[in-house]
*Asks:* 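Before I ask anything, here is the structure I am working with.
One-based numbering along the sequence shown. These figures come from a predicted structure and were not determined experimentally.
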Amino acid sequence: MTRRLRPEIDEPEEVLALLVTAIEQAGYRPGAMAWRSPSTAASEFFRDGSYHVAGEAISSDDMIERYEKIITDFPVWSIEDGLAEGDWDGWVRLTERLGERVQIVGTTFSSQTRP
């Protein structure tokens with residue numbers, strides 16, 4: 001018998017919901033006293049021109065829509081490595097669409113050059 005030490009999670013947003021619950025159960029107010037800045041490491045799940053999330057292959061624009069919903073639904077103030085390091089056009093659209101609402105951080109660009 002295998003004993004699991006983690007919850008069964010189908011969607012990445014479920015992790016944020018669990019974090020909000022944990023923050024509340026610890027006696028804090030999400031967004032005011034505690035908040036989250038996810039580092040998604042999107043390059044790790046970018047293959048063949050698509051992002052592979054929860055069993056689906058989605059586009060950069062779909063990822064951006066997903067992030068927009070996340071920052072609306074959860075106390076997120078920053079997104080780190082939200083798109084693949086080589087997805088230059090996607091980064092422009094991400095920054096244009098969400099850059100006024102959250103901090104956009106790319107930490108994997110040090111060795112990348114734009115084509």
*Asks:* Which pairs, with at least one residue in residues 70-79 and sequence neighbours excluded, count as a salt bridge (charged side-chain N to carboxylate O under 4.0 Å, His left out)?
*Replies:*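 Sorted result for residues 70-79: K69-D73.
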
*Asks:* Going by the side-chain contact (heavy atoms from CB on, under 4.5 Å) test, name the single residue among I104, V102, T40 that passes it with Y67.
*Replies:*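 Answer to the side-chain contact (heavy atoms from CB on, under 4.5 Å) test with Y67 among I104, V102, T40: T40.
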
*Asks:* Hey, what do you get for CG (D61) to CZ (R66), rounding to the nearest 0.5 Å?
*Replies:*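 Reported value, rounded in 0.5 Å steps: 14.5 Å.
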
*Asks:* Once rounded to the nearest 0.5 Å, what's the spacing between atom CG of L94 and atom CD1 of I79?
*Replies:*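 Here the rounded value is 6.0 Å.
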
*Asks:* Please name the pair of heavy atoms, one in S43 and one in E85, separated by the smallest distance, quoted to 0.1 Å.
*Replies:*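 Scanning both residues completely, I find the closest heavy atoms to be OG-N, 2.8 Å.
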
*Asks:* What are the two closest heavy atoms between W91 and L83, and how far apart are they?
*Replies:*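 Shortest heavy-atom separation between W91 and L83 comes out as CZ2-O, 3.3 Å.
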
*Asks:* T72 vs R101, test: side-chain contact (heavy atoms from CB on, under 4.5 Å). Steps then yes/no.
*Replies:* CA-CA 10 Å; T72 299; R101 295 177 60 193; 3.1 Å; yes

*Asks:* With sequence neighbours excluded, what pairs up with F46 under the side chain to side chain contact (heavy atoms under 4.5 Å, CB included) test?
*Replies:*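 Here the qualifying residues are Y51, A84.
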
*Asks:* Can you list the residues that meet the side chain to side chain donor-acceptor pair (under 3.5 Å) rule with Q103, with sequence neighbours excluded?
*Replies:*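 Scan of Q103 (side chain to side chain donor-acceptor pair (under 3.5 Å), adjacent residues dropped) gives S78.
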
*Asks:* Quick one: closest heavy-atom pair of M63 and I58, and the distance?
*Replies:*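 For M63 and I58, the tightest heavy-atom pair comes out as SD-CD1, 3.5 Å.
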
*Asks:* Looking at side-chain heavy atoms only, is the closest gap between E96 and V92 below 4.5 Å?
*Replies:*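 They are in contact (side-chain heavy atoms under 4.5 Å apart), so the answer is yes.
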
*Asks:* If I compare all heavy atoms of I64 with all of L98, which pair ends up nearest, and what's the gap?
*Replies:*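 Where I64 meets L98 most closely, the heavy atoms are O-CD1, 4.1 Å.
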
